[in-house]
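All of these numbers come straight from a predicted model, not from anything done at the bench.
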Amino acid sequence: MSNYYNDKVVWITGASSGIGEALVKELVENSNAKVILSSRNEEQLYEVAESIGLTVNQYAVLPLDLKNYKEMPAIAAKAIATFGKIDILINNAGLSQRSLAMETDIEVDKRLMDVDFIGTVALTKAVVPYMIQNKGGQVAVVSSLMGIFGAPMRSGYAAAKHALHGFFDALRAELYTQNISITIICPGFIQTNISIHAVTGDGSSQGTMDDATHNGMPVDIFAKKMLNAIEKKKNQKAIGGKEVLGVYLKRFFPALLAKIIRKAKVV
């Protein structure tokens, strides 16, 4: 990592585990950035900070739950008050799914949309005015390959991630003259607990690790690649293994991708 992140304040949601935790670790090991850690679990956030060895002047813990989207303006004000600014907002928190569309309760679909789309949009809308006032900033959004193409067992999740792309592509164009860049990150299979916490059709957690996730890209390698994409101000970056080829198949050979997805065992 270059010195790009030095002296910046980076706010990371979903920082209590997985990609968020790996991003915090990579940042503090390779820069003097100040980091705001957010997730629903305040205790886990402090455990992450302690395990990484953060000093009190390097970080702040700010719990939030994306489903409570009306609270985002007040939480954003607290974040700004902590270090005086937010240079980079990394919208990483989210919820995945493992259930067939017709076996998924509509309230589960709504929960996925509230957390993965509405909450993320609400937090971004609360932060961007401060970035405009500060004459610049960056917003990164962790979407998914499912934000580019859908697959079985992911209907509500894919819908929410597709919505992120539509919103943030439009927002990027609107904020171009404000010196605010937006990067959408599309992970493939990454070694995290996302599948364990994924919701099933009745809203309960799956509770098990998918083979594809278990065999995916190590999360520390992913974090390095993601931060590099943010530094380069990429509009969109897919990161993962061979599953990333689906992005190109979707663009150039959509019928072939549809055939592959129909035949594949997606879990």
Side-chain angles (χ1 to χ4, degrees), residues 5 9-31 33-69 71-72 74-83 86 88-98 111-112 114-116 118-120 122-124 126-127 140-144 157 160 185 187 189-200 203-210 213-214 216-224 226-227:
Y5 292 94
V9 177
V10 185
W11 188 2
I12 302 174
T13 67
S16 58
S17 64
I19 289 173
E21 180 179 1
L23 290 170
V24 174
K25 185 175 182 180
E26 180 68 17
L27 277 171
V28 301
E29 287 182 351
N30 295 282
S31 76
K34 290 181 171 60
V35 186
I36 300 175
L37 293 76
S38 288
S39 76
R40 291 180 300 166
N41 194 315
E42 183 174 6
E43 182 178 350
Q44 285 185 2
L45 291 172
Y46 280 110
E47 289 175 358
V48 167
E50 183 178 356
S51 68
I52 294 174
L54 298 178
T55 60
V56 292
N57 63 339
Q58 283 182 299
Y59 81 101
V61 163
L62 188 56
L64 63 78
D65 189 339
L66 288 175
K67 77 174 185 292
N68 300 325
Y69 60 90
E71 298 177 359
M72 295 305 118
I75 293 173
K78 290 181 181 179
I80 293 295
T82 301
F83 292 119
I86 302 294
I88 304 174
L89 169 64
I90 299 181
N91 288 299
N92 167 67
L95 181 66
S96 192
Q97 172 196 16
R98 301 294 186 273
R111 180 182 173 193
L112 287 161
D114 284 347
V115 172
D116 289 348
I118 297 296
T120 296
L123 181 58
T124 301
V127 171
V141 188
V142 177
S143 175
S144 167
Y157 178 69
I185 301 293
F189 296 119
I190 312 299
Q191 292 177 7
T192 70
N193 289 333
I194 187 171
S195 61
I196 295 175
H197 301 302
V199 292
T200 59
S204 60
S205 296
Q206 175 175 251
T208 58
M209 174 72 74
D210 296 343
T213 303
H214 176 73
M217 176 180 286
V219 70
D220 57 333
I221 294 176
F222 174 86
K224 289 180 174 66
M226 177 172 166
L227 290 171

For E43, which residues count as a side-chain contact (heavy atoms from CB on, under 4.5 Å) partner, sequence neighbours excluded? N41, E47
Rounded to the nearest 0.5 Å, how far does OG of S144 lie from CD1 of I194? 7.0 Å
Between CD of E29 and CG of L27, what distance do you get to the nearest 0.5 Å? 10.0 Å
Gap separating the OG atom of S205 from the CG atom of L95, nearest 0.5 angstrom: 7.5 Å
Closest non-hydrogen atom pair between V24 and A15, with its separation: CG2-CB, 4.2 Å
Taking salt bridge (Lys or Arg N to Asp or Glu O under 4.0 Å) as the definition, give me every residue that meets it alongside K224, ordered by chain and number, with sequence neighbours left out. E26
Can you name the nearest heavy-atom pair linking T213 to I190, along with the distance? CG2-O, 3.2 Å
NE2/H214 to CD/Q191 distance, rounded to the nearest 0.5 angstrom? 7.0 Å
Which distance, rounded to the nearest 0.5 Å, do you find between the CG of L64 and the CD1 of I75? 5.0 Å
Which residue pairs pass the side-chain hydrogen bond (donor to acceptor under 3.5 Å, both in side chains) test with at least one member in residues 13-24, sequence neighbours excluded? S16-S39
When you compare the side chain of I196 with that of T208, does any pair of heavy atoms fall below 4.5 Å? no
Side-chain contact test, heavy atoms from C-beta onward, threshold under 4.5 Å: evaluate it for L37 versus V48 and give yes or no. yes
N/O donor-acceptor pair under 3.5 Å between S204 side chain and T200 backbone: no
Checking the side chain of Q97 only, and the main-chain atoms of Y157 only, is there a donor and an acceptor separated by less than 3.5 Å? yes
The side-chain contact (heavy atoms from CB on, under 4.5 Å) partners of F83 (sequence neighbours excluded) come to V9, K34, I36, A60
For the student: nearest non-hydrogen atoms of G94 and D116, plus distance: CA-OD1, 3.2 Å
Side chain to side chain donor-acceptor pair (under 3.5 Å) filter on S96, not counting sequence neighbours, yields R98
Partners passing side chain to side chain donor-acceptor pair (under 3.5 Å) against K67 (at least two apart in sequence or in another chain): D65
Which is it for L227 and L23 under the side-chain contact (heavy atoms from CB on, under 4.5 Å) test, yes or no, and what are the steps along the way? CA-CA 8 Å; L227 290 171; L23 290 170; 3.8 Å; yes
OG1 of T192 to NE2 of H197, rounded to nearest 0.5 Å, is 8.5 Å
Correct closest heavy-atom pair for Y59 and L54 would be CD2-CB, 3.5 Å
What one should report as the nearest heavy-atom pair of P187 and I19 is CG-CD1, 4.4 Å
Indicate the atoms forming the closest heavy-atom contact of A93 with T120, along with that distance. O-OG1, 4.5 Å
Sorted by chain and residue number, the side-chain contact (heavy atoms from CB on, under 4.5 Å) partners of A76 (sequence neighbours excluded) come out as W11, A126, V127, Y130
Results of side chain to side chain donor-acceptor pair (under 3.5 Å) for N91 - residues two or more places apart only: T124
Look only at the side chain of S195 and the backbone of D210, and say whether a donor-acceptor pair between them is shorter than 3.5 Å. yes
Is any side-chain heavy atom of I185 less than 4.5 Å from a side-chain heavy atom of V141? no
Any side-chain heavy atom of V35 sitting closer than 4.5 Å to one from V28? yes
What pairs with Q58 under side chain to side chain donor-acceptor pair (under 3.5 Å), at least two apart in sequence or on another chain? T55
